[in-house]
Amino acid sequence: MRLEAERISFAYRPGVDVLRGVDLTVDAGEVVFLLGANGSGKTTLLQCLAGVRTPQQGVVRVDDQPLGEFAPRERARRIGLVPQIHEPVFSYSVGEVVLMGRAPHLGTFGRPGRRDWNEVDRALCAVGIADLRGRPYTATSGGERQLALIARGLAQGAACLLMDEPGAHLDPGHQHDVLTAVVALAQAGFSFVVTSHQPNAALLYADRVAFLNGGRAAVQGAPREVIDEATLRDAYGMAFEIVEGLDGARAVLPRVPRRFSWDGPERTAGRV
């Protein structure tokens, strides 16, 4: 499946654009990271790609068909949105949370059947958490919840999953688990758009990166080509340096001008 945004603009208030003429294309099997500072429009772009918000200008297409022409159920069978934080009101099991992804395939008064549960089991196996099927969702870790939400998107039948900062509340081990699952699913033909504040994660897991700056897609390309010191400085308003290991692996570090030390308050004789 091919997902394409062409010259889309969006404003929450008239005259104050959050997105300005953004172009983005995501092909089957791609992992695309959206990088940029807070307020640069990453989450808004994700919501426009999902059909949650409608751009005032431009168009989002799925396989050359405008997204607005799809009925909500049809749209949901193609594109899934994985939120940053998901706190259920009730203590559903992990399997029941994933089963919610089958809603677009049920009638108004339809009830899930054996086929739907088979899709749940397939999705749980695909992300490696089949053993959590009966565990309360509220009793899982942050990383396990992210994997369950990915599984929900797979059970939904979506070929493209849009993920809003999946590593924001996870330790490095769980971030790695989630993003390696994303890469493995991309190799199986799924596509992903991932918003992130972590250039290092993009260097490790992305096929392509788009930097948003002031609501525009300022730079796009392969991670090693576009994640450089100048682009990072423009995007985040601070200096960075790129370090490279003997094996060619790269990492992004803030540029620290000097070492800071603290010797305690200055003591002056006679001062009270």
Side-chain angles (χ1 to χ4, degrees), residues 1-12 17-86 101 103-104 146 149-150 152-154 156-168 178-179 182-183 185-186 189-197 201-202 205-221 226 235:
M1 189 193 86
R2 182 181 177 89
L3 179 63
E4 181 182 13
E6 180 181 350
R7 305 296 298 167
I8 67 170
S9 297
F10 182 88
Y12 293 99
D17 288 340
V18 177
L19 299 175
R20 300 184 181 94
V22 174
D23 293 321
L24 185 73
T25 300
V26 187
D27 288 313
E30 271 198 311
V31 179
V32 177
F33 267 57
L34 301 178
L35 299 179
N38 289 335
S40 60
K42 300 187 302 297
T43 297
T44 301
L45 176 56
L46 217 63
Q47 293 170 343
C48 289
L49 293 174
V52 175
R53 299 191 185 279
T54 302
Q56 282 90 12
Q57 296 180 12
V59 63
V60 177
R61 296 188 180 92
V62 175
D63 291 333
D64 295 326
Q65 182 176 351
L67 188 61
E69 294 181 2
F70 289 92
R73 287 180 184 273
E74 285 297 314
R75 186 174 66 227
R77 293 176 185 177
R78 289 166 171 79
I79 301 171
L81 182 61
V82 179
Q84 181 183 147
I85 301 175
H86 178 244
Q146 281 292 321
L149 293 176
I150 295 173
R152 186 178 69 178
L154 298 180
Q156 184 176 318
C160 181
L161 293 181
L162 312 175
M163 304 183 68
D164 194 12
E165 296 189 39
V178 169
L179 292 172
V182 165
V183 171
L185 289 165
F190 294 91
S191 56
F192 292 84
V193 182
V194 180
T195 69
S196 178
H197 285 297
Y205 306 104
D207 296 305
R208 207 151 42 81
V209 170
F211 276 91
L212 293 186
N213 193 346
R216 300 183 184 276
V219 179
Q220 296 188 46
V226 301

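Note that this is a predicted model, so its numbers are computed, not measured. Any value given below was found using the heavy atoms of this structure, including those in side chains, with hydrogens, waters and symmetry copies removed.
The two residues A50 and L67 come nearest to each other via the heavy atoms C-CD2, 4.0 Å. Nearest heavy-atom pair, P104 versus A76, reported as atom, atom and distance to 0.1 Å: CG-CB, 3.6 Å. In plain terms, the two heavy atoms of I79 and A158 that are nearest each other are C-CB, 3.7 Å. Closest approach of L212 to S40, counting heavy atoms only: O-CB, 3.5 Å. Shortest non-hydrogen contact noted between Q156 and G80 is NE2-CA, 3.6 Å.
Between atom CG of residue L161 and atom CG of residue L154 there is a gap of 5.5 Å, rounded to the nearest 0.5 Å. The line from CD of Q47 to CG of L19 is 9.5 Å long, rounded to the nearest 0.5 Å.
Using modelled atom types, one side-chain atom of R73 and one backbone atom of A103 make a donor-acceptor pair closer than 3.5 Å. Checking side-chain atoms of E30 against main-chain N and O of R208 turns up no donor-acceptor pair under 3.5 Å. Side-chain atoms of K42 come within 3.5 Å of backbone atoms of A37 as a donor-acceptor pair (strictly under, hydrogens ignored). Between the S196 side chain and the L35 main chain, no donor and acceptor come within less than 3.5 Å of each other.
Under the side chain to side chain donor-acceptor pair (under 3.5 Å) criterion, the residue pairs touching residues 56-68 are E6-R61, with sequence neighbours excluded.
Applying the side-chain hydrogen bond (donor to acceptor under 3.5 Å, both in side chains) test to T43 and every residue at least two apart in sequence or in another chain returns D164. Remark: T44 engages Y12 in a side-chain hydrogen bond (donor to acceptor under 3.5 Å, both in side chains) (not counting sequence neighbours).
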